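Notes to accompany the following structure.
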Amino acid sequence: MTLEPLVQTRQLGRWRIHAIQAGGQKLDGGAMFGVVPKNLWERRIPADERNRIQLGMRCLLIEHEIGPILIDTGAGNKENQKFYEIYGIENTGKTGPTQLEDALGQAGVKPEDVVMVINSHLHFDHAGGNTMKDENGAVRSSFPNARYVIQRGEYDWATHTNERTAASYFAPNFEPLRASGQMELIEGDREIVAGIHSVKTPGHTPHHQGLVLESNGERAFYLADLVPTAAHLPLPWIMGYDVEPLVTLETKRRILKRAVDEDWLVIFEHDATTAWARIAHDGKSYGIRA
Ligand SMILES: [Zn+2]
């Protein structure tokens, strides 16, 4: 099943921003919701016969003054069929190597136009599309003219894996960028480019980052795996994949409060249907604001 729409566009201050659907993904529902019992989570996202739930891999394209900026890149095209089957990934492109390039094309952007890629973290479903396998089987950067902005701590984590973390990090998703001189490592919270700030949001990984986008006083926040779907807005609804779930809890408490206080438009990377929303706290829990 191809998740539609491929591209959703709106204005944020003076920028046009596009939610780019880089493909579908199906993961075990129990793993996606951690300690939350199935009878609760399946009311929000139903499971298939293999207990998997449908997810998306949503990237964000910003028409910034310096040129097109892309946040996260989906799962790419470098793994074998068996791998894509295990993770239920459907991202084959109709015109480009993956659905990401198809969607960028729909938004009027060619891969060589992209001036910057920012990775929330380096897991394969977020950074797999950083690089691509060409017709000759060679791996090269998908965006030849882009700087790739990555947290230094995340890069260190990705290159020093253990038995628990190794299955998510593949060197071909990031090492070719180091070789090509395109990788730019940053540390902590900072303004990456005018109006786009990195905010460390640890828990899913220790150096996971979200991005605050601010243009003409309007703010959005790219949550990445801090809150992967709208169903994960309640504080204890935390993925089993997170390496530090209690750290995720405190990060969510801090970030979601800011999201309400500062009226952020939040962007959900893995939600199959909801690209963005404003949120509210109803006295019990966080949810999408009607
Ligand atoms: Zn993810």
Side-chain angles (χ1 to χ4, degrees), residues 3 19-34 36 41 44-45 52-60 70-79 83-91 98-100 103 117-131 148-151 153-155 157-158 161 164-170 173-174 198-211 221-233 237-245 247-249 251-252 255 266-276:
L3 292 182
I20 296 280
Q21 187 54 271
Q25 183 181 24
K26 289 190 186 123
L27 293 175
D28 183 86
M32 278 303 289
F33 287 105
V36 178
W41 61 252
R44 301 235 188 177
I45 307 184
R52 302 180 307 176
I53 61 172
Q54 181 65 56
L55 300 164
M57 293 185 288
R58 188 175 290 101
C59 310
L60 190 75
L70 182 64
I71 304 178
D72 279 355
T73 59
N77 73 343
K78 301 185 298 300
E79 310 308 322
F83 176 88
Y84 290 114
E85 166 57 22
I86 288 169
Y87 293 98
I89 292 171
E90 292 178 89
N91 71 341
T98 72
Q99 208 171 297
L100 170 63
V117 175
I118 304 171
N119 286 132
S120 61
H121 61 305
L122 293 174
H123 283 170
F124 66 77
D125 53 328
H126 299 256
N130 283 355
T131 55
Y148 287 72
V149 178
I150 294 162
Q151 284 285 337
E154 176 66 17
Y155 177 74
W157 185 258
T161 56
R164 167 79 197 277
T165 62
S168 299
Y169 291 114
F170 308 139
N173 292 338
F174 41 86
S198 63
V199 177
K200 290 279 290 283
T201 47
H204 181 65
T205 70
H207 301 275
H208 182 275
Q209 66 179 349
L211 286 310
F221 191 79
Y222 189 81
L223 290 158
D225 274 346
L226 176 63
V227 182
T229 76
H232 290 82
L233 282 168
W237 292 50
I238 291 170
M239 288 191 280
Y241 297 111
D242 289 16
V243 296
E244 298 174 320
V247 175
T248 303
L249 176 66
T251 304
K252 279 177 82 173
I255 293 292
V266 297
I267 297 151
F268 300 106
E269 184 158 12
H270 284 302
D271 200 298
T273 52
T274 304
W276 36 43

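Being a predicted model, the structure only gives us computed values, none of them experimental. Every heavy atom of this structure was used, including side-chain atoms; hydrogens, water molecules and symmetry mates were not. Whatever order the structure lists ligands and atoms in, that order sets their numbers, starting from 1.
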Do you know which N/O/S atom name in Asp125 is closest to the Zn ion (ligand 1)?
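The closest N, O or S atom of Asp125 to the Zn ion (ligand 1) is OD2.
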Name of whichever N/O/S atom of Asp225 is nearest to the Zn ion (ligand 1)
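Atom name returned: OD2.
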Result of checking His207, His208, Gln209 against Gln151 for side-chain hydrogen bond (donor to acceptor under 3.5 Å, both in side chains)
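Among His207, His208, Gln209, the one that satisfies the side-chain hydrogen bond (donor to acceptor under 3.5 Å, both in side chains) with Gln151 is Gln209.
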Looking at Asp225, Thr201, Asp72, Thr205, which hits side-chain hydrogen bond (donor to acceptor under 3.5 Å, both in side chains) with His121?
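That would be Asp225.
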What I want to check is whether the side chains of Glu154 and Tyr169 have a donor and an acceptor closer together than 3.5 Å.
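Glu154 vs Tyr169: donor-acceptor pair found between side chains.
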Taking the Zn ion (ligand 1) as the vertex, measure the angle between atom NE2 in His126 and atom NE2 in His270; round to 10°.
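So the angle at the metal works out to 100°.
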Pairing residues for Ser168 by the side-chain contact (heavy atoms from CB on, under 4.5 Å) criterion, not counting sequence neighbours
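Result, side-chain contact (heavy atoms from CB on, under 4.5 Å) vs Ser168: His123.
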